Amino acid sequence: MNYWLMKSEPAVYSIADLERDKVTGWDGVRNYQARNIIRDQMRVGDLALFYHSNAAPPGVAGLMRVVREAYPDATAWDPASDHYDVRSTPDKPVWLQVDLEYVCAFRTFVALPAIKNDPDLGGIMVARRGARLSVQPVSPAHFSHICRLGGCQ
DNA sequence: GCCAACGTTGGC
DNA sequence: GCCAACGTTGGC
């Protein structure tokens, strides 16, 4: 079982939207490093922290689970989509997505400044080098600590 | 809105 | 393949 942190701007799609939808296709990833993680490493049953980026403050808002492994992201060949990419076609898809299901919304939002100041979360990627990557690995120890801070399982 | 970090593009 | 220019992310 692997653990991840996945970013979304809450103004676009938030943990409350996922709670309503129950399952969502995590489309729109347009970074090769993030795509390769989705393609090569994300497996059904993996858990992911739902991170609110571009928020005030940013931070972890809840928990979700992978329920479908990598498959083509159809928004890439939709000219009407904000994520349209002329290089990707149904025959040769460039961009991939997974499906994620809602697990819980944190009772306590775990804000980025608290993450940075927590000695138990030293070295976590979201606070350091590679912070911009929209799909990141999280160590089991860091993952369980953030879940405990958030008040979710 | 600013800007640092960093990924991508394209000329050579 | 180098690297300067440019675009994007995302914290602040």
Side-chain angles (χ1 to χ4, degrees), chain A residues 2-21 24-42 46-64 66 69-100 102-139 141-143 145-152:
Chain A
N2 303 305
Y3 299 97
W4 309 102
L5 178 147
M6 302 177 77
K7 298 179 185 176
S8 178
E9 300 190 21
V12 177
Y13 196 83
S14 72
I15 188 71
D17 294 318
L18 181 59
E19 183 171 14
R20 180 198 62 219
D21 295 343
T24 194
W26 201 266
D27 58 24
V29 173
R30 296 292 179 270
N31 170 282
Y32 287 105
Q33 204 178 339
R35 182 205 64 184
N36 293 347
I37 289 172
I38 287 171
R39 183 189 61 199
D40 302 332
Q41 296 184 251
M42 296 192 85
D46 286 359
L47 293 172
L49 302 170
F50 193 130
Y51 181 87
H52 283 180
S53 61
N54 258 312
V60 180
L63 195 54
M64 53 194 174
V66 176
E69 291 176 16
Y71 65 101
D73 178 349
T75 64
W77 54 76
D78 175 5
S81 170
D82 289 343
H83 304 294
Y84 177 66
D85 184 342
V86 69
R87 296 170 297 176
S88 189
T89 65
D91 284 347
K92 294 192 71 177
V94 175
W95 302 112
L96 304 172
Q97 67 183 71
V98 292
D99 286 353
L100 295 157
Y102 174 81
V103 175
C104 65
F106 280 0
R107 283 189 283 119
T108 305
F109 182 77
V110 182
L112 182 60
I115 291 172
K116 287 180 170 173
N117 288 330
D118 192 327
D120 290 338
L121 296 174
I124 192 169
M125 187 183 279
V126 74
R128 303 183 60 80
R129 172 188 49 79
R132 284 183 24 183
L133 191 60
S134 63
V135 179
Q136 310 181 1
V138 180
S139 75
H142 288 165
F143 194 93
H145 188 67
I146 289 174
C147 289
R148 183 148 33 84
L149 294 174
C152 179

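Only heavy atoms go into these numbers, but all of them, side chains included; no hydrogens, no water, no symmetry mates. Computed from a prediction, not measured in an experiment: that's the story for all the values here.
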Listed pairs, N/O of protein and of nucleotides 9-11 of chain B, under 3.5 Å:
none

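Residues satisfying the salt bridge (Lys or Arg N to Asp or Glu O under 4.0 Å) criterion with A/Arg107, sequence neighbours excluded, are absent altogether. Residues that satisfy the ring pair (Phe, Tyr, Trp, His ring centres under 6.0 Å) test with A/Tyr13, not counting sequence neighbours, are absent from this structure. Among residues two or more places apart in sequence or in another chain, the side-chain hydrogen bond (donor to acceptor under 3.5 Å, both in side chains) test is passed with A/Arg30 by A/Asp73, A/Thr75. Among residues two or more places apart in sequence or in another chain, the ring pair (Phe, Tyr, Trp, His ring centres under 6.0 Å) test is passed with A/Tyr84 by none. Listed by chain and number, the residues in a side-chain hydrogen bond (donor to acceptor under 3.5 Å, both in side chains) with A/Ser81 amount to none (sequence neighbours excluded). Looking at residues two or more places apart in sequence or on another chain, you find a ring pair (Phe, Tyr, Trp, His ring centres under 6.0 Å) between A/Phe50 and A/Trp26, A/His52.
Comparing A/Asn31 and A/Asn54 by the nucleotide of DNA chain B whose heavy atom lies nearest to each, the residue mapping closer to the 5' end is A/Asn54.
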Donor-acceptor pairs under 3.5 Å, side chain of residues 113-124 of chain A to any protein atom, not counting sequence neighbours: which ones?
{"from": "A/Asn117", "atom 1": "ND2", "to": "A/Pro113", "atom 2": "O", "distance (Å)": "3.1"}
{"from": "A/Asp118", "atom 1": "OD1", "to": "A/Asp120", "atom 2": "N", "distance (Å)": "2.8"}
{"from": "A/Asp118", "atom 1": "OD2", "to": "A/His145", "atom 2": "NE2", "distance (Å)": "2.7"}

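Residue A/Phe143 comes nearest to A/Leu63 through the heavy atom pair CZ-CD1, 3.1 Å, listed as atom of the first residue, atom of the second, then distance.
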*Go along nucleotides 3-8 of chain C 5' to 3' and tag each nucleotide: B for a protein heavy atom under 4.0 Å from its base, S when only backbone or sugar atoms are that close, - otherwise.*
-----B

